[in-house]
Amino acid sequence: MEGQISKKSLVIWEAAAVLAALAAAWLVDFFLPPRCWLWYLLLWLDGLALVLAAFLYLPLRYENCRYIATDEYVEYQRGFIFLTRSRILRRAVLYVTVVRTPFSVLLRTRTLVIRSMGGSMTIPCLPIKEAEALLKELTPRHPAIRPRLYGEKGGGHD
């Protein structure tokens, strides 16, 4: 099973970028005398940062957020400039949780948290049906015992 995070997450990211740009513009307007060269420079740089974030960085970051769940592992890829891939072996998964936040109620999305021995993975902004399907697929059917982790013969350290 493979997929991508919800397109609605891009709406939240874009709204956060606009709010940050508005806050920066308000700070420039509040602390600097209006219509001086530094005032104009900082407002233009703020607008440029908003345009680059809203039309270049955030859409490309959204396109690179994807997950893959196979019989062997679960992998989540994210990032734009620095691509990060996290991988958890399916046999090491201890439990899986679906998290609902205030924004997820509005956007009809959920966050999936996968816990394993030695780490965890968070896949944000999944559509509800995909999150529930992944929850059912990834939840371990047997407890984390030695034969499941090290193979049937228990080939770990004794």
Q. Which atom pair, heavy atoms only, marks the closest approach of S6 to S9?
A. O-OG, 2.7 Å
**Q.** Donor-acceptor under 3.5 Å (R66 side chain, E63 main chain)
**A.** yes
Q) Just by modelled atom types, is the T70 backbone N or O under 3.5 Å from a matching donor or acceptor in the R90 side chain? A) yes
Q | Approximate separation, where rounding is to 0.5 Å, of T97 OG1 and L138 CG | A | 11.5 Å
**Q.** Pairwise side-chain contact, I128 with T109, heavy-atom cut-off 4.5 Å (strictly under)
**A.** no
Q.
For the CZ atom on F103, are there more than 12 heavy atoms of other groups (residues, nucleotides or ligands in this structure) within a distance under 6.0 Å?
A. no
Q: Find out whether V96 and L134 are in side-chain contact, i.e. whether some heavy atom of one side chain is under 4.5 Å from a heavy atom of the other.
A: no
Q: With the side chain counted from C-beta on, respond yes when T111 and V98 share a heavy-atom pair under 4.5 Å apart, and no when they do not.
A: no
Q: Output the distance between atom CZ (F80) and atom CG (L58), rounded to the nearest 0.5 Å.
A: 10.0 Å
Q) Taking T139 for the side chain and L135 for the main chain, is one N or O donor matched with an acceptor at less than 3.5 Å? A) yes
Q. Quick one: are W39 and V28 in side-chain contact, heavy atoms under 4.5 Å?
A. yes
**Q.** Connected via hydrophobic side-chain network under 4.5 Å: L10 and L60
**A.** yes
Q) With side chains defined as the heavy atoms from C-beta onward, is the minimum distance between V113 and R115 less than 4.5 Å? A) yes
Q.
Donor-acceptor check, side chain of N64 to backbone of G79, threshold 3.5 angstrom: yes or no?
A. yes
Q: Name all residues meeting the side-chain hydrogen bond (donor to acceptor under 3.5 Å, both in side chains) criterion together with R87; count only those two or more places apart in sequence or in a different chain, and write none if there are none.
A: E75
Q: Look at the side-chain heavy atoms of Ile, Leu, Val, Met, Phe, Trp and Tyr, link any pair under 4.5 Å apart, and say whether M1 and M121 land in one connected group.
A: yes
Q: State, yes or no, whether a side-chain contact exists between Y67 and Q77 at a heavy-atom distance under 4.5 Å.
A: no
Q) Given the rule in the side chain to side chain contact (heavy atoms under 4.5 Å, CB included) test, do V74 and I68 qualify, once you have shown the distances and angles that lead to the verdict? A) CA-CA 6 Å; V74 180; I68 299 170; over 6 Å; no
Q) Are Y40 and F31 linked, directly or through other ILVMFWY residues, by side chains that come within less than 4.5 angstrom of each other? A) no
Q: Grab the two heavy atoms, one from Q4 and one from E130, that are nearest each other, plus how far apart they are.
A: O-OE1, 3.9 Å
Q: State yes or no: do Y62 and L83 share one hydrophobic cluster built from I, L, V, M, F, W and Y residues joined by side-chain heavy-atom distances below 4.5 Å, directly or via other members?
A: no
Q. When rounded to the nearest 0.5 angstrom, what distance separates CZ in R108 from SG in C125?
A. 14.5 Å
Q | Partner residues of W26 under the ring-ring contact (aromatic ring centres under 6.0 Å, His included) criterion, sequence neighbours left out | A | F30
Q.
Do M117 and L94 make a side-chain contact, defined as non-hydrogen atoms from C-beta onward lying under 4.5 Å apart?
A. yes
Q.
Using every non-hydrogen atom in the two residues, find where D46 and A24 come nearest and quote the distance to one decimal.
A. OD1-CB, 3.6 Å
Q.
How long is the straight-line distance from CG of L32 back to CG of L41, given to the nearest 0.5 Å?
A. 10.0 Å
Q: Kindly work out whether a path of hydrophobic side-chain contacts (I/L/V/M/F/W/Y, heavy atoms less than 4.5 Å apart) joins L22 to L50.
A: yes
Q: Locate the shortest heavy-atom distance separating E14 from A54; write the atom from each residue and the value.
A: OE2-O, 2.8 Å
(Q) Please enumerate all residues that pass ring-ring contact (aromatic ring centres under 6.0 Å, His included) together with F55, with sequence neighbours excluded. (A) none
Q | Minimum heavy-atom distance L112-A131, with the two atoms named | A | CD1-O, 3.9 Å
Q.
Minimum heavy-atom separation for Y76 and C65, please, with both atom names.
A. OH-SG, 3.9 Å
(Q) Can you confirm whether S86 sits close enough to R78 that some side-chain heavy atom of one is under 4.5 Å from a side-chain heavy atom of the other? (A) yes
